[in-house]
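Worksheet for the structure shown next.
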Protein chains: 2
Amino acid sequence: MSTNAYPRTKRGVARREQILRAAEAMIGAQGFSAASIADITRHAKTALGTFYIYFSGKEDVFRELVLEMGQLTRAVITKAVAGAPNRLEAERAGLKAFLQFVIERPSLYRIVEEARFIDADAYKAYFTSFARAYAAQLSEAAAAGELRPGDAEVRAWALMGIAKTLGERYVLWDDTSDIDHVVDEAFSMIRDGLAP
Amino acid sequence: MSTNAYPRTKRGVARREQILRAAEAMIGAQGFSAASIADITRHAKTALGTFYIYFSGKEDVFRELVLEMGQLTRAVITKAVAGAPNRLEAERAGLKAFLQFVIERPSLYRIVEEARFIDADAYKAYFTSFARAYAAQLSEAAAAGELRPGDAEVRAWALMGIAKTLGERYVLWDDTSDIDHVVDEAFSMIRDGLAP
DNA sequence: TTGAAACATGAATCAGTATTCATGTTGAAT
DNA sequence: ATTCAACATGAATACTGATTCATGTTTCAA
């Protein structure tokens, strides 16, 4: 197996996962270039060469982690938003769920942001695809009279910007115990900014 | 001169500036690790070793560029905001000026964002100092009844997040001819979100 | 139970580039 | 005009860390 083919045995599946998690931890903590393959395999308790059985190189694991983050974020937010009675409550729930997710997986968050500089295409793909879906929701809600009319795409990017930045400031930098306060304050601005 | 002391002759001043501009262009275009010192000096039309007369290493130029960006952004926004009749108009003017600045110096924008991963302290310093001043303005405006009451710090970070993200999306990725549309749409959301 | 495919190992390569340094050249003060 | 500090040069050095590979070990289907 030279690159990235899926493992054929239980052991293989487990090893691959071990390495992936170690890569998340190391790259998340030290950044892409500072984290060496040796760091990753050491942390995964495997030999150096084993890495190359499962991944074709450092960028390859990295890309996979970005993909993973994409799927997770979507899943988490979709689930959090599911029960909301209307679009505005969905915004609140989505923001809160996102920040909560950053608390749980800070490494993945950092990795996605670093992707801009390591694998710009993966980064763009992640955010544009997210934005497209987001804008569709906003657009629909505006049509239903739940939001004031306005450019759904610009709104989607602005709202993503708020979430990203608050996540960085209030979770990564300074693990505020009071995430709810941040959510409330930001949401009240968003609510009044969008409500009909 | 082993590191970073200021040049003593006209020629020295000019060379240093040449190299700084070349570093901005190369690092901005290719990213910190992909841009080699050789790239930078080639672009600056000087010998490799000359670089080390003026800078102690790659991180050193990088840090200086981040500093420069800090001063420039402040200056540009302060100036743009100066004539605004009230805080809300200041927000509009500031957002527009920021996006315009990204159009003019895309490399500096990228460099500051990459600083998060290369020189986290410089990055933090840049944004927290900016946020502090921003929050003070918002706080003052709220006290004067120009804005609805609310947590000025959270607002400052949220607004910075909007600006950063719109800059990335609508300037770096897709040089929209119609920046004014983006500003208008984002601003109408901000206005309603903050107006008393 | 056995044999072949899958997986594991880590020392040895290989590549790229940051940094140094010994040797010139230029600037400007006297 | 002279002189010394400042500046310029780029080949040589030094280092880091990614990737390979020859040699075992384990899994599992038959």
Side-chain angles (χ1 to χ4, degrees), chain A residues 1-65 111 114 117-119, chain B residues 1-65 111 114 117-119:
Chain A
M1 183 191 313
S2 80
T3 168
N4 211 10
Y6 209 73
R8 309 285 167 94
T9 70
K10 266 187 193 170
R11 181 177 53 150
V13 172
R15 272 275 182 288
R16 198 187 134 92
E17 182 65 17
Q18 263 176 47
I19 294 172
L20 203 54
R21 296 283 69 83
E24 176 184 345
M26 293 295 101
I27 297 178
Q30 319 182 28
F32 182 79
S33 43
S36 68
I37 306 290
D39 286 333
I40 293 171
T41 52
R42 197 177 309 123
H43 193 257
K45 296 181 198 304
T46 45
L48 218 180
T50 306
F51 178 90
Y52 291 91
I53 294 170
Y54 299 104
F55 302 97
S56 63
K58 212 157 79 164
E59 295 212 9
D60 189 36
V61 226
F62 189 80
R63 194 180 346 271
E64 178 143 346
L65 289 169
I111 285 167
E114 195 170 6
F117 304 103
I118 306 301
D119 186 342
Chain B
M1 184 193 312
S2 79
T3 165
N4 210 11
Y6 208 74
R8 309 286 166 91
T9 68
K10 265 186 195 171
R11 181 176 53 152
V13 172
R15 271 276 181 286
R16 200 186 132 92
E17 181 64 18
Q18 263 176 46
I19 293 173
L20 203 56
R21 295 282 71 82
E24 177 185 343
M26 294 294 100
I27 297 179
Q30 319 182 29
F32 182 79
S33 43
S36 67
I37 306 291
D39 286 333
I40 293 171
T41 51
R42 196 177 311 123
H43 192 258
K45 295 181 196 305
T46 46
L48 219 181
T50 306
F51 178 91
Y52 291 91
I53 295 172
Y54 298 103
F55 302 97
S56 64
K58 209 157 84 166
E59 295 212 8
D60 189 35
V61 225
F62 189 78
R63 193 179 350 271
E64 177 144 347
L65 289 169
I111 285 167
E114 193 170 7
F117 303 103
I118 305 302
D119 186 342

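None of the values given here were measured: they were computed from a predicted structure. Atom set for the values below is all heavy atoms of this structure, side chains included, hydrogens, waters and symmetry mates excluded. Order of the sequence lines fixes the chain letters, A, B, ..., with proteins taken first and strands second; residue numbering starts at 1 for each chain.
Side-chain contact between A:Phe51 and A:Thr46: absent, with no pair of heavy atoms (C-beta onward) separated by less than 4.5 Å. Looking at heavy atoms from C-beta onward, A:Arg16 lies out of side-chain contact with A:Val13 at the 4.5 angstrom threshold. Looking at B:Tyr54 and B:Leu20, their side chains never come closer than 4.5 Å, going by heavy atoms from C-beta outward. For the pair B:Ile111 and B:Phe32, the minimum side-chain heavy-atom distance is 4.5 Å or more.
In this structure, CG of A:Leu48 is placed 19 Å from P of D:dG24, rounded to the nearest angstrom. Regarding B:Gln18, its CD atom lies at a distance of 13 Å from the C1' atom of D:dC7, rounded to whole Å. Distance CD1 (B:Ile53) to C1' (C:dC21): 12 Å, rounded to an integer number of Å. Note: OH (B:Tyr6) to P (D:dA5) measures 23 Å, nearest angstrom. Rounded to an integer number of Å, the gap from CD1 of B:Ile19 to P of D:dC7 is 11 Å. A:Ile40 has its CD1 atom 14 Å from the C1' atom of D:dT19, to the nearest Å. Note: CZ (A:Arg42) to P (C:dG10) measures 12 Å, nearest angstrom. In this structure, A:Tyr54 places its OH atom 12 Å from C1' of C:dT9, rounding to the nearest Å.
Nucleotides of DNA chain C nearest to B:Ile37 and A:Lys45 differ in position, and the one nearer the 5' end is that of A:Lys45. Two residues, B:Gly49 and B:Lys10, neighbour DNA chain C, and the one matched to the more 5' nucleotide by heavy-atom proximity is B:Gly49.
The ring-ring contact (aromatic ring centres under 6.0 Å, His included) test applied to A:Phe117 returns no partner, not counting sequence neighbours.
Considering all non-hydrogen atoms of both residues, B:Ala22 and B:Ala44 come closest at CB-CB, 3.7 Å.
Regarding contacts with the backbone of C:dT9, every side-chain N or O of A:Tyr52 stays at 4.0 angstrom or more from both OP1 and OP2. Residue A:Arg15 has a polar side-chain atom (N or O) positioned under 4.0 Å from OP1 or OP2 of C:dA8. For A:Arg11 and D:dT26, the shortest distance from a side-chain N or O to OP1 or OP2 is not below 4.0 Å.
Within residues 22-34 of chain A, no residue has any heavy atom under 4.0 Å from DNA chain C.
Nucleic acid contact for A:Thr50: base, since at least one base atom lies under 4.0 Å from a heavy atom of the residue. Counting non-hydrogen atoms under 4.0 angstrom, B:Thr9 reaches the backbone sugars and phosphates but no base.
Separation of atoms OG1 (A:Thr50) and CD (A:Gln18) is listed at 9.5 Å; rounding is to 0.5 Å.
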